[in-house]
Amino acid sequence: MADGKLVSIDKTVEVLLDKMEKDGVESCWDRHLQQEPRCQYGDLGLCCRHCGQGPCQIDPFGGEQQKGVCGATAETIAARHFIRMIAGGAAAHSDHGRGVAEVFLAAAKGEAKGYEIKDEQKLLTMAMDFGVEIGDKSIEEIAVEVGEIALAQFGQQEGELKYIKKAPLKRQELWHKLGVTPRGVDREIVEIMHRTHIGVDNDYKNLLLQGTRAAIGDGWGGSMIATDLQDALFGTPYPVLGRVNLGVLKEDEVNIIIHGHEPLLSELIVVVSQEKEMLDLATSKGAQGINLVGMCCTGNEILMRHGIPVAGDFLQQEIAIATGAAEAVVVDIQCIMPSLPSVADCYHTKVISTSPKAKFPGATHIEFDEHNALNSAKEIVKTAINNFPNRSRNVNIPKESVDLIAGFSYETINYLLGGMFRASCRPLNDNIINGRIRGIAGVVGCNSVRTRHGEGHVEMVKELIKNDVIVLQTGCSAIDCAKAGLMVPEAAGKYAGSGLAEVCETVGIPPVLHMGSCVDNARILIAATAVIKEGGLGDDISEMPVAGAAPEWMSEKAISIGHYFVASGVYTVFGANFPTLGSKKLTKHLFEELEEQIGGMWGFEPDPVKAAQLMIKHIDKKRKALGIDKTRERVLYDMAMRRELEAV
Ligand code: BF8
Ligand code: SF4
């Protein structure tokens, strides 16, 4: 059995893996050990099964002349595999975005009871971005038009996605020149599937260009639409106090864990679980109340908007059930382990699937019908409450949980820095220029059993903030750094370098900002663009002192995100493993040549501190090119002088 101390930095894992062993339940870490040794062909991106003549495998040490049956080289095989991962990730984000657009449109037409437009300002901003004439139209009319345009972006065949115009001008021009401006979200994904079919595109650089076009369609299309429509429907997040880790489960209440990605259902469960009828039912079953908690990205969504506690990240989903205290785990789509129903079999927990797209043998299926969403939400909450009396004595809720501040949407950052009357990121730019803040890093993504759970995120982020790099976070990465206490204002004084600490303490923000779920990485793109537009830090994202990372990535979505960061001009370092290492040429193209072509490039470094240092080196390179490296030296000199003076 896996050793909790070795596989995770999180004490809850140690405690609950022990319990699972006693209870005779297998975990993902146990299965990870069973999977070793991994197939090296697959690991390095050198296994192709795109047609019935395969699988064809290329020996990474066998020389360049090796080919699959059809003649595909290592480059072709690895590039096809890599861009199919982009297609998978972009499809997941975008199909989520499409779902939101459908509900948004239904809500705008008054056909989805329980939903309303909560943030009119966001709606009006979208209307302007989409070129909708506002005139004296009502909010509902504008919302219908915005919803129709948003929905049409997915299936659009020609022209370019509307949100491309939100990117810095120089970037738009580069995308046009390279022919990678997405025409429609779905079209680029389909074209990847076509080009990677046997005997179509066999030039790895050309394959990658299509990967780039689809990834841009994710970041500046499907994901950005999802984020904006969710904000319009449920409210743009603002700073909110929350709590994180499995200690948020309660002994004496009905614990409902909402896990997955779409806030469409979870938002209504939040509403329903506070209704008197439900609270009374809970009391009648012997519970003191209903304790709603989130997990993974849907957890981030309800945390950002309501301060609902987050029970954990991707790798805590099984152990959350093993506490024996979860009445229900309600799941929708993405990153939900198929193992959950079998773990739940050993406890009283009900795994409730809700999406027709994501069914799990052994789970209870209560289909979420957005036209009747409140009823679906009620049925789910009732099922959980009715399960409370079935809870056995075999309960162990770890005590670990800590505070965090979440809710740093781009709008919030602007407001906090610039004040209510002149919200702007000018103070951010000024502090980057004067060197108090060295640069900006986006640290995002998953957990993977292939790294020590949480260590990559926490060690990397600590190293970055120690060196005055402010960190923007989403997804499971954000959950992990929150668990480590990095998302409270006091973390600035404790962990950040003196320049960054000074800025954070003045504004009252943590040095690590929680920007939401994985689709919310689009917020990071918008924040970066706002910094460019504010002036003084170059004309394009590729000129800014920024870097990105996903030290514990595992999902195809992470590859798509990484690639749209790169395609937006960001140096992006991944840890764990990297799926193209078997092809030297493709890897060189991704890690070096892309910088020349598109301004951003990939990197791979499994050691999170070394990876952070690579990011800092890149940030310093950009500072030098902008001619602001001297200001930082001066600030540092001043600090050293001050310390010297204090010592006297
Ligand atoms: O979309 S960070 S493990 S939960 S893929 Fe999944 Fe990765 Fe977590 Fe959210 Ni994102
Ligand atoms: Fe082999 Fe080519 Fe078929 Fe891939 S597409 S399995 S390399 S024959």
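Each ligand, and each atom within it, is numbered from 1 in the order the structure gives.
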Check: Counting backbone and side-chain atoms alike, does Cys51 have an N/O/S atom under 2.8 Å from atom 2 (Fe) of ligand 2?
Finding: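 False for Cys51.
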
Next item on the list: Can you sort out which atoms of ligand 2 are near Gly54, meaning under 4.0 Å from one of its heavy atoms?
Entry: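 Result: 6 (S).
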
Notebook entry, point to check: Should you measure from each heavy atom of Cys56, which atoms of ligand 2 turn up under 4.0 Å away?
Noted result: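 Atoms satisfying the 4.0 Å criterion: 1 (Fe), 6 (S), 7 (S), 8 (S).
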
In terms of residue, atom name and distance, what is the protein heavy atom nearest to [atom]?
atom	value
atom 7 (Fe) of ligand 1	Cys446 SG, 2.5 Å
atom 8 (Fe) of ligand 1	Cys476 SG, 2.3 Å
atom 2 (Fe) of ligand 2	Cys70 SG, 2.4 Å
atom 4 (Fe) of ligand 2	Cys48 SG, 2.3 Å

Only heavy atoms of [X], strictly under 4.0 Å: list the atoms of ligand 1 that pass.
X	result
Gly445	2 (S)
Lys557	1 (O), 5 (S), 9 (Fe)
Cys335	3 (S), 4 (S), 5 (S), 6 (Fe)
Cys296	4 (S)

Next item on the list: Check step by step if salt bridge (charged side-chain N to carboxylate O under 4.0 Å, His left out) holds for Arg31 and Glu318.
Entry: CA-CA 12 Å; Arg31 293 189 297 273; Glu318 292 177 327; 2.6 Å; yes

Checklist line | Option from Gln230, Glu301, His96 for which side-chain hydrogen bond (donor to acceptor under 3.5 Å, both in side chains) with Ser517 holds | finding: Glu301

Margin query: Can you tell me if Met554 contacts ligand 1 (heavy atom of the residue under 4.0 Å from the ligand)?
Written below: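 Yes, that is the case, since the closest heavy atom of the residue is under 4.0 Å from the ligand.
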
Next item on the list: Could you tell me whether any N, O or S atom belonging to Cys518 is less than 2.8 Å from atom 10 (Ni) of ligand 1?
Entry: yes

Check: Is His194 atom NE2 crowded by more than 12 heavy atoms from other residues, nucleotides or ligands, each under 6.0 Å away?
Finding: no

Note to self: Counting only heavy atoms not in Lys166 (residues, nucleotides, ligands), do more than 12 fall under 6.0 Å from its NZ?
What the structure shows: yes

Notebook entry, point to check: With no hydrogens and no angle check, do the side chains of Ser339 and Ser342 hold a donor and an acceptor under 3.5 Å apart?
Noted result: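 No - no donor-acceptor pair under 3.5 Å links their side chains.
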
Note to self: Would you say Gln316 and Asn245 are linked by a side-chain donor-acceptor pair, where the criterion is simply a distance under 3.5 Å?
What the structure shows: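 Result is yes, a qualifying pair exists.
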
Check: Does His261, backbone or side chain, put an N or O under 3.5 Å from an N or O of ligand 1?
Finding: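 For ligand 1, there is an N or O atom that lies under 3.5 Å from one belonging to His261.
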
Note to self: With respect to Ser555, determine whether any N or O atom, backbone or side chain, lies less than 3.5 Å from an N or O atom of ligand 1.
What the structure shows: no

Check: Mind checking whether Phe82 and Trp602 have parallel, tilted or perpendicular rings, split at 30° and 60°?
Finding: perpendicular

Notebook entry, point to check: According to the interplanar angle, ranging from 0 to 90°, do the rings of Phe578 and Phe604 count as parallel (below 30°), tilted (30 to 60°) or perpendicular (above 60°)?
Noted result: tilted

Notebook entry, point to check: Which value, rounded to the nearest 0.5 Å, describes the distance between Asn521 atom CG and Thr227 atom OG1?
Noted result: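 Those atoms lie 8.5 Å apart.
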
Next item on the list: May I ask you to identify, for Arg80, whether its side chain, its backbone, both or neither come under 4.0 Å of ligand 2 on a heavy-atom basis?
Entry: side chain

Notebook entry, point to check: Taking the six-membered ring for Trp, are Trp220 and Tyr564 ring centroids under 6.0 Å apart?
Noted result: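 No: the rings miss the under 6.0 Å criterion.
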
